[in-house]
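Quantities reported herein were computed from a predicted structural model and do not represent experimental measurements. Below, chain A is the first sequence line, B the second, and so on; all start at residue 1.
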There are 2 protein chains.
Amino acid sequence: MTETVQRPKEARRKKRAPNTPPTAQVRFPVGGAKTLAEVQYQRLLDRITTMELPPGAAISEPDLASEAGVSRTPVREAVQRLAREGLVEVVPKSGTFVARIPVSALPEAVIARRALECMTARAAAQFATRSQVLSLRAVLEEHSELAEIGDREKFHKSDEKFHELVATVGRLPGLWRLVQQVKLQLDRFRRLTLPEAGRLQLIIKEHTAVVDAIQARDPDAAGAAVEKHLSGLQLHIETVVAAHPDYFIYDADPTDLLKI
Amino acid sequence: MTETVQRPKEARRKKRAPNTPPTAQVRFPVGGAKTLAEVQYQRLLDRITTMELPPGAAISEPDLASEAGVSRTPVREAVQRLAREGLVEVVPKSGTFVARIPVSALPEAVIARRALECMTARAAAQFATRSQVLSLRAVLEEHSELAEIGDREKFHKSDEKFHELVATVGRLPGLWRLVQQVKLQLDRFRRLTLPEAGRLQLIIKEHTAVVDAIQARDPDAAGAAVEKHLSGLQLHIETVVAAHPDYFIYDADPTDLLKI
DNA sequence: CTAGTATATCTAATATACAAGTTAAAGAAT
DNA sequence: ATTCTTTAACTTGTATATTAGATATACTAG
């Protein structure tokens, strides 16, 4: 090992004074200059959420690397991140697999979203400016346009944008980031549900109720509207799980019992 | 580059059938077999939360690596993870620094904790068994013991254990994981506050109120008790920020404005 | 002395090489 | 045929080497 590492550079070039940030000036991270690892992460995330890589599918770091024409390093970084987010499971020295959806995580995610987004909506009702309300209405209009075309993919993106905007207006963008994390498993689940007739219209209607409450500066109504909006999913979990039994995992987690 | 990578291994050994998990058997991750990267993460996290590495401090991957006697790879993995958690900021090709505490994140964290833990307490009041209530009381007793000794460090650990146990009893362990994430910045902040007389006793009192409500199977009371417990912090933010101005960063995030 | 430029040296990002462990398939023994 | 053993190929974890960008100092011109 490098046990006896002597560092003769003790008296090297004067280093930046401690507690000094990169530089006093602000640094604007350029959006286009994405790191390779970031790209690999997005690619993998996409393939997982679209179920191109279904739960249980094997993932090979070397294969992904050569497919993408990069080395294993950025691929590995992406895999590590996905593992922490619960989307892949890596077994040391053995293999990496797309994680099954833990059924217990689904109702939990719904509960977390309700709690968090209820707050963002209340805050939005408190802080929204007239222009922000118009921005929200603009997103609603976008919803309608995409629903008419029938582009469920873009509609979903627009849906996300709505929720993010509510959080931003409520000055609680951090809460949206938490929701995003929890949403990962929910989104995979949603892919397995059949498109119901009128579902898009229902979403638009519920979103509109939220905006109305925000415009009326009525936090209680806004929170209630969000709660109503986010309570839909729970019911048909069982039927979907029954249809794809090996995409899910029942996690009654023995450690939980030990802890108590 | 490896542009023309030919893979002649197309007809190689038969791979595991798709959608097959690591193995049918359950695999119990051995607690002791921590990966080097994990160790490095814990070490760095500790040095950051204890303010041994204060906000703004420079971090050098090679230095950390040689100090710990490992290569840069596991160190880098730890740094990446901390970056995603908002505890360090890495400027590509330039340097890595302990992140300043974003002041806006503090009230946000309090709000998120309130929303989330209110739910866990309500759920706990709904599901708690008699034995679980006794476990909660045991933790309360531990609180008292540690408060008498005056060991604030262990008291904090015990405090965490309490909140985690409430979430577990409420069958919402995922919500506690979210809270943990949000707590990272709060904990750094707490390190900067002076120990107030009677603070520990107040915490015990408030925790006791939560347990009482859970035992009484009164979700509303439990939720209210948690809300009350978690509303304390907010006030003295300004004074602490004034005392350590360069440990914080005011993030009115210009991108937020563009998004609207 | 000041402003601008060059350059040496730091950094993190990526690539490659090696080590340690797992697993599946082939082969041997029953 | 069946079960055990062996073994080779494949896995991730870690170490090292290379690349490219950023920055502080030294230097040059005015």
**OP:** May I ask you to say whether E153(A) pairs ionically with R190(A), meaning some side-chain N is under 4.0 Å from a carboxylate O?
**Re:**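 No, E153(A) and R190(A) are not salt-bridged.
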Original post:
the helix from dC1(C)-dG30(D) to dT30(C)-dA1(D): angle between its terminal axes, five pairs each, to 10°?
Top reply: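 End axes: 20° apart.
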[X]: salt bridge (Lys or Arg N to Asp or Glu O under 4.0 Å) partners, not counting sequence neighbours:
| X | value |
| --- | --- |
| E61(A) | R72(A), R76(A) |
| K157(A) | none |
| E108(B) | none |
| K161(A) | E142(A) |

Please list, for nucleotides 12-14 of chain D, all pairs of protein and nucleotide N/O atoms separated by less than 3.5 Å.
{"residue": "dT12(D)", "atom": "OP1", "partner": "I59(A)", "partner atom": "O", "Å": "3.2"}
{"residue": "dT12(D)", "atom": "OP1", "partner": "T96(A)", "partner atom": "OG1", "Å": "3.1"}
{"residue": "dT12(D)", "atom": "O4'", "partner": "K93(A)", "partner atom": "N", "Å": "3.4"}
{"residue": "dG13(D)", "atom": "OP2", "partner": "R76(A)", "partner atom": "NH1", "Å": "2.1"}
{"residue": "dG13(D)", "atom": "OP2", "partner": "R76(A)", "partner atom": "NH2", "Å": "2.7"}
{"residue": "dG13(D)", "atom": "N7", "partner": "R72(A)", "partner atom": "NH2", "Å": "3.2"}
{"residue": "dG13(D)", "atom": "O6", "partner": "R72(A)", "partner atom": "NH1", "Å": "3.0"}
{"residue": "dT14(D)", "atom": "OP1", "partner": "T35(B)", "partner atom": "OG1", "Å": "3.1"}
{"residue": "dT14(D)", "atom": "OP1", "partner": "L36(B)", "partner atom": "N", "Å": "2.7"}
{"residue": "dT14(D)", "atom": "OP2", "partner": "T35(B)", "partner atom": "OG1", "Å": "2.9"}

Original post:
H156(B): what forms a ring-ring contact (aromatic ring centres under 6.0 Å, His included) with it, not counting sequence neighbours?
Top reply: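 By the ring-ring contact (aromatic ring centres under 6.0 Å, His included) rule, H156(B) matches no residue at all.
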**OP:** Mind checking ring-ring contact (aromatic ring centres under 6.0 Å, His included) for F248(A) and listing every partner two or more places apart, or none if nothing turns up?
**Re:**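 Applying ring-ring contact (aromatic ring centres under 6.0 Å, His included) to F248(A) gives none.
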Please enumerate all protein N or O atoms sitting under 3.5 Å from an N or O of nucleotides 5-7 of chain D, with distances to 0.1 Å.
none

What's the [atom1]-[atom2] distance between [X] and [N], to the nearest Å?
| X | N | atom1 | atom2 | result |
| --- | --- | --- | --- | --- |
| Y41(A) | dA13(C) | OH | P | 17 Å |
| E89(B) | dA12(C) | CD | P | 13 Å |
| E38(A) | dT14(C) | CD | C1' | 15 Å |

**OP:** Return each pair, listed once, that meets side chain to side chain donor-acceptor pair (under 3.5 Å) where at least one residue sits in residues 46-56 of chain B; pairs must be two or more places apart or across chains.
**Re:**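 Every pair satisfying side chain to side chain donor-acceptor pair (under 3.5 Å) with a residue in residues 46-56 of chain B: R47(B)-E52(B).
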Subject >> V90(B): side chain to side chain contact (heavy atoms under 4.5 Å, CB included) partners, not counting sequence neighbours >> reply: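 V90(B) satisfies side chain to side chain contact (heavy atoms under 4.5 Å, CB included) with A83(B), T96(B) only.
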Subject >> Set of side chain to side chain contact (heavy atoms under 4.5 Å, CB included) partners for Q185(B), sequence neighbours left out >> reply: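 Q185(B) satisfies side chain to side chain contact (heavy atoms under 4.5 Å, CB included) with L87(B), I101(B), P102(B), R188(B) only.
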